[in-house]
Amino acid sequence: RPRVVSGVQPSADSLHLGNYVGAVRNWVRMQDENECVFFVADLHAVTVEQDPATLARRTRVTAAQYIAAGIDPERSTLLVQSHVPEHAQLAWALNCITGFGEASRMTQFKDKSAKQGADNATVGLFAYPVLMAADILVYQAHAVPVGEDQRQHLELTRNLAQRFNTRFGDTFVVPEPKILAETAKVYDLQQPTAKMSKSAASENGLIRLLDPAKKNAKKIKAAVTDDGTEIRFDREAKPGVSNLLTIYSALTGRPVDEIVAEYEGRMYGHLKVGLAEVVTEVLTPIQQRAQELLDDPAELDRILARGAEKGREVTAATLSTVYERMGFLPRL
Ligand code: ATP
Ligand code: MG
């Protein structure tokens with residue numbers, strides 16, 4: 001079975017709808033036909049300023065949300081990135097075959113460092129896409145299900161895999177991106193041309209998986225819509241309404257056209273009420289299951305320990321090949 005790898009940063013307590021629709025929900029479906037590794041990307045979360053106690057809490061909460069959303073730790077490998085040291089070890093090796101200019105072209109770094117002020121951005125943030133490449137290549141993954149926002153990083157991953165293979169001999173599987181273009185990207189409700197993001201500026205633009213239904217409904221009702229009154233999908237002219245339709249479609253599995261037809265002649269407010277109901281219906285069971293898991297942190301930690309053990313069976317083998325090919329003297 002093809003191997004699939006993906007992860008989300010524990011950069012907030014709750015995941016948001018973009019993470020769910022663009023990532024976690026697709027993972028759940030992939031478990032049947034693939035050998036999956038899903039990790040909580042805590043090494044990535046320290047590329048920006050962070051608080052240690054908060055990071056530990058968020059790592060558990062994020063893992064709980066994976067399971068609550070349908071990741072089965074028996075069928076898939078569920079682990080915390082820092083529990084598998086080969087992620088960081090391979091990242092160093094890949095750093096040394098990545099061009100400085102190549103890394104400088106990554107748009108996420110430009111966005112995130114601009115937000116922080118160039119002087120506050122760390123080398124870790126700059127090297128983030130290389131660590132991401134290591135996350136994928138260390139498992140010899142065939143496919144990487146990520147949102148549209150990660151397309152450029154995946155391209156870098158493929159380039160690094162090919163470069164290493166050419167220079168040192170065939171070592172890595174060159175992974176394919178699995179991006180669902182239509183429903184992949186969820187935008188900020190207040191700024192519908194910017195992606196919904198855990199570290200987003202506008203609190204009201206974000207729908208969190210773990211927030212109470214009322215709070216989420218309120219944000220949906222306050223979502224920025226567009227001039228005119230017509231409900232139709234038009235990313236250019238109507239980014240706000242289009243975003244609501246995208247979310248609606250993604251969560252119900254119904255095509256956008258069908259939803260547009262249903263709301264024909266009705267007002268934006270009707271669409272928002274309908275969407276709030278859909279969101280509540282999807283999130284309520286996830287919230288309940290997540291709470292159960294968080295009520296027993298020791299059991300959750302055991303699940304994660306088993307995941308790390310399973311993961312290392314693959315990563316240790318990859319790393320020893322990489323080290324040998326690069327010419328590191330084997331330790332007796
Ligand atoms: P941060 O702001 O800390 O970078 P994030 O919200 O961008 O957080 P990540 O942890 O970077 O989330 O990404 C996790 C996964 O969620 C990735 O696969 C990414 O493609 C997907 N994702 C993130 N934001 C969105 C979005 N707005 N729409 C669709 N998918 C998204
Ligand atoms: Mg991100």
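Annotation: the span from Glu74 atom CD to Ile303 atom CD1 amounts to 8.0 Å, rounded to 0.5 Å. Remark: Leu156 CG to Met106 CE distance equals 4.5 Å, nearest 0.5 Å. How far CZ of Arg1 is from NE2 of His142: 12.5 Å, rounded to the nearest 0.5 Å. The structure places CZ of Arg235 at 4.0 Å from OG1 of Thr246, a figure rounded to the nearest 0.5 Å. Between the OG1 atom of Thr62 and the CG atom of Asp42 there is a distance of 9.5 Å, given to the nearest 0.5 Å. In this structure, CG in Asn165 is found 10.5 Å from CG in Leu160, a value given to the nearest 0.5 Å.
The number of heavy atoms from other shown groups lying within 6.0 Å of CD (Gln162) is above 12. More than 12 non-hydrogen atoms from other residues, nucleotides or ligands lie less than 6.0 angstrom from CG of Asp32. The environment of NZ in Lys110 is crowded: more than 12 heavy-atom neighbours from other residues, nucleotides or ligands sit within 6.0 Å. Residue Met267 places its CE atom among 12 or fewer non-hydrogen atoms of other residues, nucleotides or ligands, all under 6.0 Å distant.
Residues Gln152 and Thr107 bring a donor and an acceptor atom of their side chains to less than 3.5 Å of each other. Looking only at atom types and distance, the side chain of Asp135 has a donor-acceptor partner in the side chain of Gln81 under 3.5 Å away.
Between the side chain of Asn216 and the backbone N or O of Arg208, at least one donor-acceptor pair lies under 3.5 Å. Checking side-chain atoms of Thr77 against main-chain N and O of Val37 turns up no donor-acceptor pair under 3.5 Å. A donor-acceptor contact shorter than 3.5 Å is absent between the side chain of Lys219 and the backbone of Gln190. Under the 3.5 Å distance criterion, the side-chain polar atoms of Gln65 are matched with a main-chain donor or acceptor of Val61. Judged by distance alone, with hydrogens and angles left aside, the side-chain atoms of Lys310 form a donor-acceptor pair with the main-chain N or O of Ser76 at under 3.5 Å. Of the possible polar contacts, one joining the Gln31 side chain to the Asp72 backbone as a donor-acceptor pair under 3.5 Å is found. With hydrogens and angles ignored, the 3.5 Å screen pairs a side-chain donor or acceptor of Thr47 with a backbone N or O of His44. Checking side-chain atoms of Asn19 against main-chain N and O of His16 turns up a donor-acceptor pair under 3.5 Å. Distance alone, capped at 3.5 Å, places no donor-acceptor pair between the Glu258 side chain and the Ser249 backbone. A donor-acceptor pair under 3.5 Å is absent between the side-chain atoms of Lys178 and the main chain of Pro145, judged by distance alone.
Considering every non-hydrogen atom in both Leu319 and Leu90, the closest pair reads CD1-N, 3.7 Å. Contact detail for Thr315 and Glu86: the closest heavy-atom pair is OG1-OE1, 3.1 Å. Closest approach of Ala64 to Leu300, counting heavy atoms only: CB-CD2, 4.2 Å. Considering all non-hydrogen atoms of both residues, Ala308 and Leu79 come closest at N-CB, 3.8 Å. Taking all atoms of both residues into account, the shortest heavy-atom contact from Met30 to Val4 is CE-CG2, 3.8 Å. Across all their heavy atoms, Arg158 and Pro175 have their closest contact at NH1-O, 2.9 Å.
Under the 4.5 Å side-chain heavy-atom criterion for grouping Ile, Leu, Val, Met, Phe, Trp and Tyr, Val174 is not connected to Phe164 through any hydrophobic cluster. By the rule that hydrophobic residues join a cluster once side-chain heavy atoms approach within less than 4.5 Å of another member, Ile231 and Phe233 end up as members of one cluster. Cluster annotation: Val21 and Ile286 are assigned to the same hydrophobic cluster (Ile/Leu/Val/Met/Phe/Trp/Tyr, side-chain heavy-atom contacts under 4.5 Å, transitive). Grouping the Ile, Leu, Val, Met, Phe, Trp and Tyr side chains by contacts below 4.5 angstrom, directly or via other members, places Ile67 with Val80. Linking ILVMFWY side-chain heavy atoms closer than 4.5 Å, directly or via other members, places Ile220 and Met196 in a single hydrophobic cluster.
Counting heavy atoms from C-beta on, the side chains of Leu137 and Thr318 never come closer than 4.5 Å. Pro297 places a side-chain heavy atom less than 4.5 Å from the side chain of Arg60. Contact of the Ser197 side chain with the Asp188 side chain is not registered, since no non-hydrogen atoms from C-beta on lie closer than 4.5 Å. Put simply, the side chain of Arg312 reaches to within 4.5 Å of the side chain of Pro85, judged on heavy atoms.
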Full working for side-chain contact (heavy atoms from CB on, under 4.5 Å) between His87 and Tyr139: CA-CA 9 Å; His87 286 253; Tyr139 292 100; 3.0 Å; yes
Test Leu189 against Leu244 for side-chain contact (heavy atoms from CB on, under 4.5 Å), laying out the working first. CA-CA 8 Å; Leu189 296 182; Leu244 300 180; 4.0 Å; yes
Could you go through Glu292 and Arg289, starting from their C-alpha distance and side-chain angles, then the distance that decides it, and tell me whether this counts as salt bridge (charged side-chain N to carboxylate O under 4.0 Å, His left out)? CA-CA 5 Å; Glu292 287 166 20; Arg289 180 82 184 101; 3.4 Å; yes
Kindly indicate, with the supporting measurements, whether the criterion salt bridge (charged side-chain N to carboxylate O under 4.0 Å, His left out) is fulfilled by Arg163 and Glu102. CA-CA 13 Å; Arg163 189 173 307 155; Glu102 190 176 30; 2.6 Å; yes
Test salt bridge (charged side-chain N to carboxylate O under 4.0 Å, His left out) applied to Asp149 and Lys185, step by step: CA-CA 8 Å; Asp149 64 314; Lys185 197 159 174 179; over 6 Å; no
For Leu251 and Tyr20, run side-chain contact (heavy atoms from CB on, under 4.5 Å): C-alpha distance rounded to whole Å, both residues' side-chain angles, the deciding distance at 0.1 Å, then the answer. CA-CA 9 Å; Leu251 293 182; Tyr20 182 65; 3.9 Å; yes
So Leu245 and Val260, side-chain contact (heavy atoms from CB on, under 4.5 Å) or not? Walk me through it. CA-CA 8 Å; Leu245 288 168; Val260 169; 3.8 Å; yes
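Ring pair Phe39/Tyr66: centre-to-centre distance not below 6.0 Å.
Contacts of Ala88 classified as side-chain contact (heavy atoms from CB on, under 4.5 Å), with partners at least two apart in sequence or in another chain: Leu43. Every salt bridge (charged side-chain N to carboxylate O under 4.0 Å, His left out) that Glu230 has, sequence neighbours left out, goes to Arg232. When the salt bridge (charged side-chain N to carboxylate O under 4.0 Å, His left out) test is applied to Asp257, no partner is found at least two apart in sequence or on another chain.
Partner Ser11 forms a side chain to side chain donor-acceptor pair (under 3.5 Å) with one of Arg58, Gln50, Lys198 and no other, that one being Lys198.
Taking the six-membered ring where the residue is Trp, Trp27 and Phe38 present parallel rings, their angle staying beneath 30° rather than reaching 60°. Between Phe100 and Phe126, the ring planes lie tilted relative to each other; the angle falls in the 30° to 60° range.
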